[in-house]
Amino acid sequence: MSETTKPTEASDKRLLIIDGHSMAFRAFYALPAENFATSTGQHTNAVHGFVSMLLTMIRQQKPTHVAVAFDLDTPTFRKQEYSEYKGGRNKTPEEFHGQIDLIKQVMGAMNIPSISLDPFEADDILATLATRGEDAGFSVLVVSGDRDAFQLITDRTLVLYPKKGISDIPPMDADAVEAKYFVRPERYSDLAALVGETADNLPGVPGVGPKTAAKWINQYGDLAGILENIDSIKGKVGDALREHVDNVTRNRKLNQLRHDLELDVTLEDMELEAPNREEIENLFDALEFNTLRKRLFDLFAAQDEESAPEVAEFTRVEVADAASLRAFIEAGQGAAIAVHPAVSGGEAVGLALYRGLEAVWMELAGLDEALETELAAFLADSHAPKIFHDAKAAMHLLADRGLSVAGIADDTLISAYLIQPDRRSHELAELVSYHLKYQVPVHQVKKGELDLGLASDLADPALAQAQAVFDLSAYLDTQLAAKHADALARDMELPLIPVLFAMERAGIAVNTERLNELRAHFTSQVETASNEAFAAIGHEVNLSSPKQLQVVLFEELDLPKTKKIKTGYTTDAESLQDLLVKTGHPFLVALMAYRDAIKLRQTVDGLLKAVHPDGRIHTTYAQTVAATGRLSSLNPNLQNIPVRSEEGRRIRDVFVVGEGYETLLTVDYSQIEMRIMAHLSGDEGLIQAYQDGEDLHRFVGSRVFNVEPSEVTSEMRSKVKAMSYGLAYGLSSFGLSKQLKIGVDEARKLMKDYFDRFGAVRTYLRSVVEQARKDGYTETIFGRRRYLPELNSSDRRLRDIAERAALNAPIQGSAADLVKVAMLRIAEELASGGYASRMLLQVHDELVLEIAPGELEAISELVTREMGAAADLLVPLDVQPGVGATWHEAAH
DNA sequence: AGCTTAGCGA
DNA sequence: ACGTCGCTAAGCTA
C-alpha cells in the first residue's frame, strides 16, 4: 500500500502579513537613531530597519502576497471597554515621529497595501487576514513582535517573532510555543490572561507565571475549565486566582483577537508585484537610502528570474511488518537513507526514513516486536549508510529507546558547519531555506496524546524533514568537495560523532557530598566577604551589581575612575586590583574576595544542578560551534572548571572515578599551540629549542635579551611567555604593554627583539593574513578552513578583528584537529583491544579517561602514544599523563 | 527577553 | 582600537 504525499503541504500561495507598528518599533530600537537621519533632519532608522526586514522576509520566505497592518491613533474598542488598556506606556520618542507615515509611503511605492480600521488594532487585522488567507488555501506568515499573535498559529499559519532586534526573526510554530509556554497556541490566550501582560497594562493573577498557568490549563483543559473548578485549586495561588478572577476574565476578553473584520482590501490586492520604480527612486532619494535601493531592485530583478524551487513529490510506503521494512531498505541497494526522528516532550516518538522519492514513517511506541528488531538491526548496521541532521542528538534519542546507531554516512549539521564554520546556527529549517530555497514544514504534535494516534500529526513534517536532510546532504556534499572539506568530514568529524556520543553518555562521576560541602564552604566565604564589604562602607549593597558598585566606588568613596564602559566605569577584577594598589581601601579587598567566592559557588551550584540520577554529570559537546574547529562543552561546561587558584582547584576534587573503575587518567599536551606555531612558521630557532627539549620560554628569553639561558630571570621568562602566546592571538605592542604593565615603547622594543631573533615567526604571521586576504580563508595543518571575508572590509575595526582571527585560526584549529585525531585513534584502540576503560572528557588539550581495573598501564601507554603521534610535526609533541582518584589528583 | 558585565577555561 | 576561541550567571532595562 502506498499513497502519494506532497512534501510541501503548503500550497504555492503564501501570504505574509506584518504588524506595522510593532515591527517599526523593533526596527527603531534596533538601529541607532543618530546614525539614520536625512540631511533635513528627518530620522529614518525605523523606516530603514523596517524596509530592510521586509526585503529579507520577501527574499527568504518568498511570499506571493504581502500586506501590512497598522494601528490607528484613535481609541480602540478595547480601550473603550477598559480605559486602562495599554495605559502607562511611555510617550513615543521624538525621533520616531513621522516614520510610520514614511513606511506607509514606501509600502505604497512597493504596491503593498497598508491596512487599518477604526476602532480595531493591527492584531485584529492580522487575525482576520490570517483566517481569510487560510480559507483561501494560503500558507500564512504573520510577522509580529506582539505575543498575542501566538494565538493565530495553526498548521497553516506561522508567526515570525523577533528574538532580538530585526535581524533574528525565527518562525514560531505550535511546538515552539509549547516548548516555551507549555501550552498549545490555541490555549496561549488563556495563559496570557492568567499571567497578565505588562506591556498592555493588563495585570493577571499575582504570583502566577507561565508555569503555573500552563499547569492549570493542562489540568483543566482550558480557562473555562479552570474557572469551573476554581474552588478546588489549592494553595496561595488558588486564593490569588479567586481574588483576581475578574482580571483574568477581563484579560481573556481583551486579548481575544477579532477574525471577522470587514476590510475593504481583498487578497488579490495583496499580490506581490514589482515596485513602482519611479516612486521608489524619488522616495529613496528623499530618504537618502542607497544600499536599500539596490537591495530592493536586485531582489525584484532576481524574483523575476527565479521560479519557485521544485520539491520533488515522493511516495510514502506503508511499513506494517518486518518484511516490508526490509524490502524498503533493500530496494535502496545500499544507498544511504536519511533518518529523521520526530521529537515530542524530549523523546523520539517516531522515525521518518527517506530514500530518494520513497519514504517510510514509523511510530516508535508499540512497535511490533519483529518490526522493532528489523529496525534496530538497520540502525545498528555499520554497513547500512544513514544520513542525519545532528546524528549525535539522534543517537541519544534512539539510545533512550534502546536503539543503537552505527553507519553514519553523513550529517548535514557537520557539512553545513564545515562549509560555514562561522555561522552561529545550523538548524535544519534554516539550512534548507538558505541552501535549497524552500521552507520545510514543521512539527505538529499534541503533547501527551500520542497514544491516541495523534503521532500521525508528526508524520508529514518528519517525512518532509527527512526528505530535506536527504536533499541537503546531496547539495552540501557537492559544496564540501568544492571547498575541499570532504576528507575532513569523512575522516575526522563524522567518525568523531560516536566517540563524543559515548563520552556524553558515560558522563563523569561526581562526589555530591563533597560538592555540597564545597557549596557550604564557599557560601560562608561569600557571607564573610559581604559582611566585611558592608562594614567597610557602612551599609549594604548588592555586590553582584556592577551598577550599584559604581555608585559606591566612584561616588560614595570617590575613588579614581577606571576604564570607561558603556554603562559608566568598569569594576572588573583588574581595575579593582589597580584601585587597591592606589588607595588600599578595605572595601576593595572584601569585594574581590566576594567576587572570587561567589564565582566558585556559582560553579558548584551549576554542577550540583547537573548531576543526573546516575550520580554523574553528562556534558554535551558541541561539534559545530567554534569557528576554529574546537569542541565546546555545555550543560554544563566542563571545559572551564577552575584550576588556577588553590580554592578553585578544590572543585576538581569532586570529579571522581566511578564505581567499577580503578582510577582516572588525564593526559595533556604541553605547549601545543606554541609547538604548532614553531611547526607552521618553520622557525629554525624555535624548532631547535623544542628538539633539544629546552625550556622554551627560557630559551626564547635568552635570545631576546641576549643572555645565557641560565641568566634568564623569571621576569624575563614571563615577559617572553606572554609575548609568545600573545603572538598567536594577534597581540599588538599596545596590548603587550598593557598586559605586562610596561611602556608601549618597551613593549615595541621587546617585539622587535623577538622578531629579530625569530624572524620566521613574523614572516609566517604576515603570510597567513596575506594568504587569507587573497584566498578568503585560512587553513589548518589538516586542511580545515575558516572563511574571513571581512579581511577586505572597508571598516577598519572589522578588518582588524578578522586579521586577528586569521592569525589565530590555523594555530588553534590545528591543535583542535590534532586532539580530534588522537581521540579517534584512542577510541578505536580501546574498542579493538577490548578494553573496558573509556574516554570521559576533552578539555581542548587534555583528555580524561576512566580506567578499568588492571588496565592502567596499557591505557596510559596507548593514550600517551596516540596523542604524541597524532601528527608528524617539525617539533616533537610532548604529552604528560597523570593518575588519580579525582580529576584534581590526576593532574600532574 | 535581550543586553551588559563579569569571570572561568584552553 | 588595541589578544583568540568558548559558556554561564546575574543584574538591569524593556
Side-chain angles (χ1 to χ4, degrees), chain A residues 25-26 29-30 89-90 145 147 161-165 168 180 198-199 421-422 424 542-550 563 565-576 592 595-596 598-603 605-607 609-610 619-622 625-645 648-649 651-652 668-669 671-673 722-739 744 747 778 786 795-813 815-816 819 841-846:
Chain A
F25 261 111
R26 293 282 184 149
Y29 285 111
R89 287 200 172 182
N90 292 335
R147 283 192 294 265
Y161 182 74
K163 240 183 177 165
K164 57 173 183 184
D168 186 11
K180 205 159 177 167
T198 333
D422 280 273
R424 56 243 141 320
N542 184 344
L543 296 173
S544 290
S545 163
K547 191 165 178 262
Q548 296 183 37
L549 287 178
Q550 284 179 28
K563 195 177 66 175
I565 52 172
K566 282 186 187 170
T567 55
Y569 300 93
T570 182
T571 67
D572 65 13
E574 190 192 339
S575 305
L576 293 182
M592 289 161 77
R595 284 257 175 93
D596 287 345
I598 195 112
K599 177 72 188 176
L600 294 173
R601 195 187 69 183
Q602 275 170 10
T603 304
D605 274 341
L607 293 176
K609 269 184 249 166
T619 186
T620 300
Y621 289 103
V625 169
T628 52
R630 273 191 177 177
L631 299 177
S632 73
S633 153
L634 68 166
N635 290 327
N637 182 357
L638 293 186
Q639 291 178 324
N640 72 343
I641 302 303
V643 70
R644 290 176 193 178
S645 75
R649 270 196 294 277
I651 297 179
R652 294 204 169 208
D668 69 355
Y669 284 109
Q671 300 180 341
I672 179 100
E673 297 200 345
M723 189 158 49
S724 290
Y725 279 109
L727 289 176
Y729 299 145
L731 184 69
S732 64
S733 51
F734 177 90
L736 184 64
S737 75
K738 209 177 64 160
Q739 190 187 326
V744 180
T778 62
R786 178 167 183 189
D795 184 335
R796 170 74 186 276
R797 198 181 59 84
L798 294 180
R799 212 170 54 234
D800 283 352
I801 291 171
E803 281 186 12
R804 293 194 295 269
L807 288 173
N808 178 245
I811 298 170
Q812 191 183 112
V819 180
L841 304 179
Q842 188 254 45
V843 191
H844 306 306
D845 63 357
E846 172 187 8

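Just so we're on the same page: letters track the sequence lines, and every chain starts at 1. For the numbers below, each heavy atom of this structure counts, side chains included, while hydrogens, waters and symmetry mates do not.
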From [options], pick the nucleotide closest to the side chain of [X]?
X: Thr628(A); options: dT13(C), dA10(C), dC5(C); answer: dC5(C)
X: Ala573(A); options: dC5(C), dC8(B), dG7(B); answer: dG7(B)
X: Leu731(A); options: dG3(C), dT4(B), dG9(B); answer: dG3(C)

Is the shortest side-chain N/O distance from [X] to OP1 or OP2 of [N] below 4.0 Å?
X: Lys547(A); N: dT13(C); result: yes
X: Ser545(A); N: dA10(C); result: no
X: Arg797(A); N: dA1(C); result: no
X: Arg796(A); N: dC2(C); result: no
X: Arg804(A); N: dC2(C); result: no
X: Lys599(A); N: dC8(B); result: no
X: Thr567(A); N: dT5(B); result: yes

Give [X] one of three labels, base, sugar-phosphate or nothing, depending on what nucleic acid heavy atoms sit under 4.0 Å from its own.
X: Thr603(A); result: nothing
X: Tyr29(A); result: nothing
X: Leu600(A); result: nothing
X: Gly726(A); result: base
X: Ser733(A); result: nothing
X: Ala627(A); result: sugar-phosphate
X: Ile801(A); result: nothing
X: Arg786(A); result: sugar-phosphate
X: Gln602(A); result: sugar-phosphate

Practice item. Check whether any side-chain heavy atom of Thr619(A) sits under 4.5 Å from a side-chain heavy atom of Leu634(A), and report yes or no. Key: no
Review point. Taking side chain as C-beta onward, heavy atoms only, is Val819(A) less than 4.5 Å from Gln842(A)?
Key: yes
**Study point:** Contacting residues from residues 631-640 of chain A, given that a heavy atom lies under 4.0 angstrom of DNA chain B
**Key:** Gln639(A), Asn640(A)
Study note, to complete from the structure: Applying the Watson-Crick and G-U criteria (both distances under 3.5 angstrom) with [ ] for crossing and | for other-strand pairs, one obtains for DNA chain C ...||||||||||.
**Study point:** Nearest-Å distance once atom P is located in both dT5(B) and dA1(C)
**Key:**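 Each nucleotide's P atom is 15 Å from the other's.
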Point to revise | P gap between dG3(C) and dC3(B), integer Å | key: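 The answer is 25 Å between these two P atoms.
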Point to revise | Contacts of type side-chain contact (heavy atoms from CB on, under 4.5 Å), residue Thr570(A), not counting sequence neighbours | key: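 Residues passing side-chain contact (heavy atoms from CB on, under 4.5 Å) with Thr570(A): Thr562(A), Lys563(A), Ile565(A), Asp572(A), Ser575(A).
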Point to revise | With sequence neighbours excluded, residues passing side-chain contact (heavy atoms from CB on, under 4.5 Å) with Leu731(A) | key: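 Result, side-chain contact (heavy atoms from CB on, under 4.5 Å) vs Leu731(A): Leu736(A).
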Review point. Pick the nucleotide of DNA chain C nearest each of Asp422(A) and Ser544(A); which residue has the one closer to the 5' end?
Key: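 This one resolves to Asp422(A).
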Exercise for review: Starting from the 5' end of DNA chain C, give me the residue, Asn542(A) or Pro421(A), whose nearest nucleotide shows up first.
Suggested key: Pro421(A)
Review point. Roughly how far, to the nearest 0.5 Å, is the OG atom of Ser732(A) from the NZ atom of Lys738(A)?
Key: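 Atom-to-atom, Lys738(A):NZ and Ser732(A):OG are 9.0 Å apart.
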Practice item. Applying ring pair (Phe, Tyr, Trp, His ring centres under 6.0 Å), name anything that partners Tyr621(A), two or more places apart in sequence or on another chain. Key: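 Result, ring pair (Phe, Tyr, Trp, His ring centres under 6.0 Å) vs Tyr621(A): none returned.
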Check your understanding: Residues in ring pair (Phe, Tyr, Trp, His ring centres under 6.0 Å) with Tyr729(A), at least two apart?
Key -> none
d([atom1], [X]; [atom2], [N]) in whole Å:
X: Met592(A); N: dA6(B); atom1: CE; atom2: P; value: 13 Å
X: Arg26(A); N: dC3(B); atom1: CZ; atom2: C1'; value: 13 Å
X: Leu607(A); N: dC8(B); atom1: CG; atom2: P; value: 15 Å
X: Leu807(A); N: dC2(C); atom1: CG; atom2: P; value: 16 Å
X: Lys566(A); N: dT5(B); atom1: NZ; atom2: P; value: 6 Å
X: Leu798(A); N: dC2(C); atom1: CG; atom2: P; value: 12 Å

**Study point:** Side-chain ion pair, Glu673(A) and Arg630(A), N-O less than 4.0 Å
**Key:**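 Between Arg630(A) and Glu673(A) there is a salt bridge, with a charged N closer than 4.0 Å to a carboxylate O.
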Review point. So, does the side chain of Arg595(A) form a donor-acceptor pair with the base of dA6(B) at under 3.5 Å?
Key: no
Point to revise | Quiz item: Gln739(A) side-chain donor-acceptor pair to dG3(C) base, under 3.5 Å | key: yes
Review point. In chain order, what residues pass the side-chain hydrogen bond (donor to acceptor under 3.5 Å, both in side chains) check against Ser724(A), with sequence neighbours excluded?
Key: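 Ser724(A) satisfies side-chain hydrogen bond (donor to acceptor under 3.5 Å, both in side chains) with Tyr754(A) once adjacent residues are dropped.
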**Study point:** Residues forming a side-chain hydrogen bond (donor to acceptor under 3.5 Å, both in side chains) with Asp605(A), sequence neighbours excluded
**Key:** Arg519(A)
**Study point:** Counterpart residues, salt bridge (Lys or Arg N to Asp or Glu O under 4.0 Å), relative to Asp800(A) (two or more places apart)
**Key:**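 For Asp800(A), the residues satisfying salt bridge (Lys or Arg N to Asp or Glu O under 4.0 Å) (neighbours in sequence not counted) are Arg796(A).
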Point to revise | Exercise: do Gln812(A) and Thr628(A) side chains pair donor with acceptor under 3.5 Å | key: yes
